[in-house]
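Notes to accompany the following structure.
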Amino acid sequence: MRSPLRRLAGALLAALLMLPLGSYAAPAADPYAPRPEGAIVAGGRIHDRSGLDAAEIERRIDALMARMTLDDKIGQMVADGWDTDFDDRRVSEGHIGLLSGVETPAETARLQTLARRSRLGIPLIFARDALHGYRTLAPVPLGLAASFDPEIIAAAGRFTGREATGQGMHLTFSPMVDLTRDPRWGRVVEGPGEDPHLARLFARAMVDGLAEGGLQATLKHFVGYGAVRAGRDYAEAEISVSTLHDLHLPPFRAGLEAGAQVVMASFSVLNGVPVTADRRLLTKLLRDAWGFDGVVISDWDAVRELMPHGVAGTPAEAVEKAVTAGVDVDLASGLYAKELPGLVASGRVPVARVDEAVRRILRVKFRFGLFDETVTPIVDPKVAAGAAATPEIRAAALETSRRSIILLKNDRDLLPLVRPPKRIAVIGAAARDAADLMGSWGAKGEEKDVPLFFDELRALVARFGAEVRFAPGCDDACVKTGGFGRAVRTAEQADLIVAVLGEPWYLTAESTSRTRLGLPNRQQALLDRLAATGKPIVLVVLAGRPMVMGEAWPKARAILYAFSPGTMGGRALVDVITGAVNPSGRLPMSLPRAVGQLPFSYDMLPTGRPPKPDDDLSARYVDEEVTPFLPFGHGLSYTRFAYSDLVLSTPTARPGDTVGVSVTVRNVGARAGREIVQLYVHDVVAARSRPLRQLKGLARVDLAPGEAKRVRIDLPVDDLAYADDDGRWALDPGRVDVFVGGSSTATTSASFELVRP
Ligand code: BGC
């Protein structure tokens, strides 16, 4: 007989052996439990040109820092703009680490030679705001976003990079990835628009493209600048933690994942604190939680501006706040150089913080390849002269311009002008204005590189024996109206009017907030006069933001929205007007009906009282529709596309899964065309209200007339996660509706269920 103890041990062993293997592991974590965001994985794509391994870079930094005095270290933390009075001793004595806006390759080469011959030989970083090109300009960033095509955005980054590095630049203060839902803010032109998915694609594509062209990116403005109150530039923003993580931070993460090494702190105020002084954002989040090991640079003069912001009483206090918040480099205020020595001597700023900043700056300089002449040589001015505005770069720019143009309206197929009418009147000063094509932040763009719209159209239609006549009507902002009469007479004598109106470049970008968003000044009056002639009108809108188009709409039979389409924009517009190119651009921001709807975005949350026309207690305006004038993602083509057979790869999914979404797209018109296939989701029931529509996938498909293709877009379930009040990612089981089509109002739909394992 076995003893009772042995029997018990035997029974226990048997019971254990019968348990499924999984039971021996720790209980599986709930896949639906909110999880922290975690560190960034740059996926081996850190833009490191040094050829050195990470440990070797740190060793070289140690060796260099061992030879640096406090003054040398502070010198690396100083950045400034170049001007003709620039004092060379700042470079030869090591008092500056980064210079922005040096005008010529010869000057760049001279200054870099001085830096290399300085005691420590630490090279300078040469930077510039090259947001959509250096000399050859792509469409402004919002126009690039309108391509809805990461390939086009990356191409613009590539040629920007090639041209800028060819002139001796290392770094651009771009891309701006601030999410923006309020077109009153002039800086909407600099960014990717209203949608976080498109903004992430934009950030990634731009950082990658720039790096492929050899140029390093700065992600700006970290974070929240795009949400300034009422669109007023330099005003404050209020953003909840969940909204910050859901909307505003993802484009920055995407850019960092692509390998960006520099982040510019926003000079705006977020939730009461100027970001330049916000340690939670610049250090706790960016460095500690996300693991960013690159450089944070201030925005222009932002360290000094902590005083007028009212969070620092003295320059020393401003510096103390900025540097301890995590700003490594002071751009343009000059206060780090003045105040840091004293602050370190008094112990108010620990020398360890200075060392940390300097290590980051040197690390980035090593990664840029600046210490290795064979990787990043000093620019040769003779070579530089032939490296800009080359035929290849101009061809690449032309393609980006063509893909950014949006056809908003085309009544009775007025466009394309396959056989142009005999007499065309081109009205509007912008039709002959190079600067309005190039757009704001024109970097080193040159007017002589720009084929003007009027000239291009005239040359093209001349081949058909047609004649084009021009009358500006007024100046490009349309303040002076003396030319109205002649413009109307020119229009009366024509068979067709092409009116080129909208925002001149100087009404867009920094410090150009607007309270009225119709055509500026007297342009609408000019358009009304042209329409009164009864001649058909093609309206070409050049603009830096979505405008309120209701008044202009009925006056034109066709409307092309071209933003500022860049150096080659005039030719691209003619290609589209004549049908050589079938337009495929899409609205990267909803067009509002009225300024009173702003801020506006298509991804609204549901409401307990959805808008109903005959219900006076529903979410509505009593004097206007709640819907946009035109929805996000909208854009016409000279052909039409039909969607059918939407199939999901699975009826159920779990966190970590990917749902394959397949649909047939058919060209049911008579011309070849490109469709931008858009995938939207709605998570029907969750712990937080989820938007009625959210863009989660894009595909581009080229189709001949009558042709159909099966298009598949992968939807990673984790992309449905949303941020909770602590900035953790959450996801809930339940139904998810999927919509596929050509805009955010797509109707072809299917559903799947998020289930528990
Ligand atoms: C802008 C930045 C820009 C900087 C340098 C500032 O006024 O806010 O976006 O990079 O100037 O030109």
Side-chain angles (χ1 to χ4, degrees), residues 33-48 54-55 57-58 61 65 73 77 177 200 203 207 217-225 239-266 268-299 302-303 306 311 319-330 348-364 367 721 723-730:
R35 54 193 166 74
E37 195 152 44
I40 282 157
V41 182
R45 294 198 292 162
I46 284 191
H47 294 175
D48 187 342
I57 290 181
E58 300 305 314
I61 295 173
M65 284 181 64
K73 290 175 182 171
M77 298 169 74
V177 296
R200 282 168 62 199
V207 171
T218 304
L219 298 169
K220 72 185 187 185
H221 307 83
F222 191 81
V223 59
Y225 190 12
I239 306 176
S240 73
V241 172
S242 60
T243 302
L244 191 65
H245 284 264
D246 267 348
L247 301 183
H248 298 274
L249 289 169
F252 286 93
R253 262 190 88 97
L256 294 173
E257 278 162 5
Q261 301 286 304
V262 183
V263 170
M264 184 182 281
S266 178
S268 55
V269 171
L270 178 58
N271 300 335
V273 181
V275 178
T276 310
D278 195 333
R279 189 173 155 73
R280 283 166 317 169
L281 286 172
L282 300 182
T283 297
K284 288 235 151 49
L285 178 73
L286 187 59
R287 263 88 189 251
D288 299 348
W290 286 9
F292 174 60
D293 67 358
V295 166
V296 174
I297 187 168
S298 79
D299 200 345
V303 175
L306 291 179
V311 297
V319 172
E320 183 183 350
K321 287 215 164 180
V323 84
T324 49
V327 176
D328 302 309
V329 176
D330 166 13
R348 276 165 68 187
V349 171
V351 76
R353 171 63 193 115
V354 171
D355 283 348
E356 192 222 348
V358 173
R359 178 170 293 280
R360 288 169 176 278
I361 295 157
L362 294 176
R363 187 183 290 141
V364 161
R367 287 180 180 162
D724 67 11
D725 288 331
D726 300 315
R728 294 173 311 170
W729 291 103

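Note that the coordinates shown come from a computational prediction; the quantities given were computed from them, not determined experimentally.
- Environment of CZ in R280: sparse, with no more than 12 heavy atoms of neighbouring residues, nucleotides or ligands closer than 6.0 Å.
- Checked by atom type and distance alone, the side chain of T324 pairs as donor or acceptor with a backbone atom of E320 at under 3.5 Å.
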Q.
Set out, in order, the CA-CA distance, both residues' side-chain angles and the distance that settles side-chain contact (heavy atoms from CB on, under 4.5 Å) for V223 and V275, then state yes or no.
A. CA-CA 7 Å; V223 59; V275 178; 5.5 Å; no

Q: Under the side-chain contact (heavy atoms from CB on, under 4.5 Å) rule, what do D299 and K220 come out as? Steps first, then yes or no, please.
A: CA-CA 9 Å; D299 200 345; K220 72 185 187 185; over 6 Å; no

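- Considering only heavy atoms from C-beta on, L249 comes within 4.5 Å of L285 through its side chain.
- Partners of H221 according to the ring-ring contact (aromatic ring centres under 6.0 Å, His included) rule, which considers only residues two or more places apart in sequence or in another chain, are Y225.
- We find the CG-CZ distance between L219 and F292 to be 7.5 Å, quoted to the nearest 0.5 Å.
- With values rounded to the nearest 0.5 angstrom, N271 atom CG is found 8.5 Å from L281 atom CG.
- With rounding to the nearest 0.5 Å, the separation of CZ in R363 from CD in E58 is 4.0 Å.
- Distance NE2/H245 to CD/E37: 6.0 Å, rounded to 0.5 Å.
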Q: Begin from the C-alpha positions of V207 and V177 and carry the test side-chain contact (heavy atoms from CB on, under 4.5 Å) through to its verdict.
A: CA-CA 11 Å; V207 171; V177 296; over 6 Å; no

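- Ion pairing of R353 with E356 is present here, as a side-chain N (NZ or NE/NH1/NH2) and a carboxylate O approach within less than 4.0 Å.
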